[in-house]
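Start at 1 and go down the list; that is how both ligands and their atoms are numbered.
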Amino acid sequence: MSNSPDGKTTGNQSLPDKAWGGVFTEATDRRVEQFTESVSFDQRLYAQDIDGSVAHARMLADVGALTAEEFGKIESGLRQIQREIERGEFEFQTELEDIHLHIENKLTERLGDVGRKLHTARSRNDQISTDLRLWVRGAIDQIDTRLQAVQAAFVNRCDADFDVILPAYTHTQRAQPVLAPHYWLCYCEKLERDRERLNDCRKRVNTLPLGAAAVAGTSINIDREKTAKYLGFERIAANSIDVSSDRDFALEFAFCLVEIALHLSVWAEEWIWWSTSEFYFIKLPQAFCTGSSIMPQKVNPDVLELIRGKTARVIGNLQSLIVLTKGLPLAYNRDLQEDKEPLFDSFDTVNASLTLAASLIAGMILNREAIAARLDEGYLDATTLMEYLVNRGIPQRTAHGVVGRMVRAAMDRNVPLAKLPFDVIQNIEPSLETAVYDVLGADKAVAAMQSYGSTAPEQVRMQIERWKKKIKT
Ligand code: ARG
């Protein structure tokens, strides 16, 4: 059979040997085969497809739909195919549409009628849902491991960086002084929420679709409890129409990945600024930077920029999935085939970003002197001074005004609050004594903190210990 450029088959037409070909009297147009194929991307699901098929066949043997011998042949045939795919010896062809048909076809080629029994009480609709759920479950576990590695990279810096004070910002203006580990643990908290979200999503992913068949279930006697057990699914989908159409789990996972990418992009943005000569807070490891082809002096934070930039595609992928599923009629529609590429892409992107993030965090060097030299700028201790007045019984709003006038006086003299002469202080607030200087300066302002979750050294120390225990478990 040959094909003309417009894709119409010419010459001797032979009907293709398709799994669904029985009712057809015309061969499929080549362009349709190319347009509808998914094997170019769903071959990634081969291991899940084979695990799903082995579990399904094992269940069929349990209920007597296959003999023990038939099951044995199917299992070893499927595992043989798996090895061939892993060694790159398996040939994928567009005409065979998707990963399911490739594997089943090869099995039947080798086992004949035994292979033809594998698809008993199953449809590709519940099969693809099963494959994708198994894949997402594994992907969740991998992302979770990567998240923990990033948390560990932050926690592992905390002791060494404990004596470093950094300005914290609001509105990108210097606000209050904080311990460096307080920053590191801030990201640990964000990523911990990401872990919780993934864990919650995993519960809904971990539901067995097999047995729903195409849409209505099956008239063949099967045991879904067994299939679920073999695949480690915690529950069985209770409505065959629902599970055939359900991609909520894919959207949820895509959203979890968006949230992670958003957190990483905030961190990337922050460290990009921190690595500029204007901030000069940190040096990034050179192995994680690249140069400019025209400006010889440049060491650019490209990895951080791309972690920030690739967040866009992760967001776009979620958008694609949302639009894809909007208003789809029940139950399975071929549109759903379009769910895989965005999902795979989001996973690959976030997985790579997390891997690089862990190394970047471990290799970052704090420019301690440069940070310390400028800690006097920005009146970081002003809020602590105000609270000192509040602690002495001055109403908060009054104290705010008093300290505002002191900051103004310090600005006029171009000195930090700690260098403001005592007579000037007393002139503004006569009730003050020289002990006021005990809360002035960034280090004293940090030390004066008390509340749970604050940057007080005891509080941060307690949190570091909690995190150290956590990342070990
Ligand atoms: N390739 C399809 C998908 O990804 C598999 C299911 C196809 N089912 C069908 N009845 N054509 O969604």
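R157 contributes a side-chain N or O that, together with a main-chain N or O of I361, makes up a donor-acceptor pair within less than 3.5 Å. Looking at S346, its side chain never comes within 3.5 Å of a backbone N or O of L343 through a donor-acceptor pair. Of the possible polar contacts, one joining the R133 side chain to the V205 backbone as a donor-acceptor pair under 3.5 Å is found.
The aromatic rings of F154 and W271 sit perpendicular to each other, their planes meeting at more than 60°, with 30° as the lower class boundary.
Residue, atom and distance of the protein heavy atom nearest to atom 11 (N) of ligand 1 are R124 NH2, 3.6 Å. Shortest contact from atom 8 (N) of ligand 1 to any protein heavy atom: N125 OD1, 3.1 Å. What sits closest to atom 12 (O) of ligand 1 on the protein, heavy atoms only, is Y332 OH, 2.5 Å. In this structure, the protein non-hydrogen atom closest to atom 1 (N) of ligand 1 is Q337 OE1, 2.8 Å. For atom 4 (O) of ligand 1, the closest heavy atom belonging to the protein is K340 NZ, 2.6 Å.
The shortest N/O to N/O separation between R247 and ligand 1 does not fall below 3.5 Å.
No part of Q127 comes within 4.0 Å of ligand 1, judged by heavy-atom distances.
Ligand 1 places these atoms under 4.0 Å from at least one heavy atom of H100: 5 (C). Interface atoms of ligand 1 facing D98, defined by a heavy-atom separation under 4.0 Å, are 1 (N), 5 (C).
A donor atom on one side chain and an acceptor atom on the other are found under 3.5 Å apart for Q80 and R83. Side-chain N/O atoms of Q148 and D144 include a donor and acceptor closer than 3.5 Å.
Under a cutoff of 6.0 Å and an axis angle of 45°, K18 and F24 do not form a cation-pi pair.
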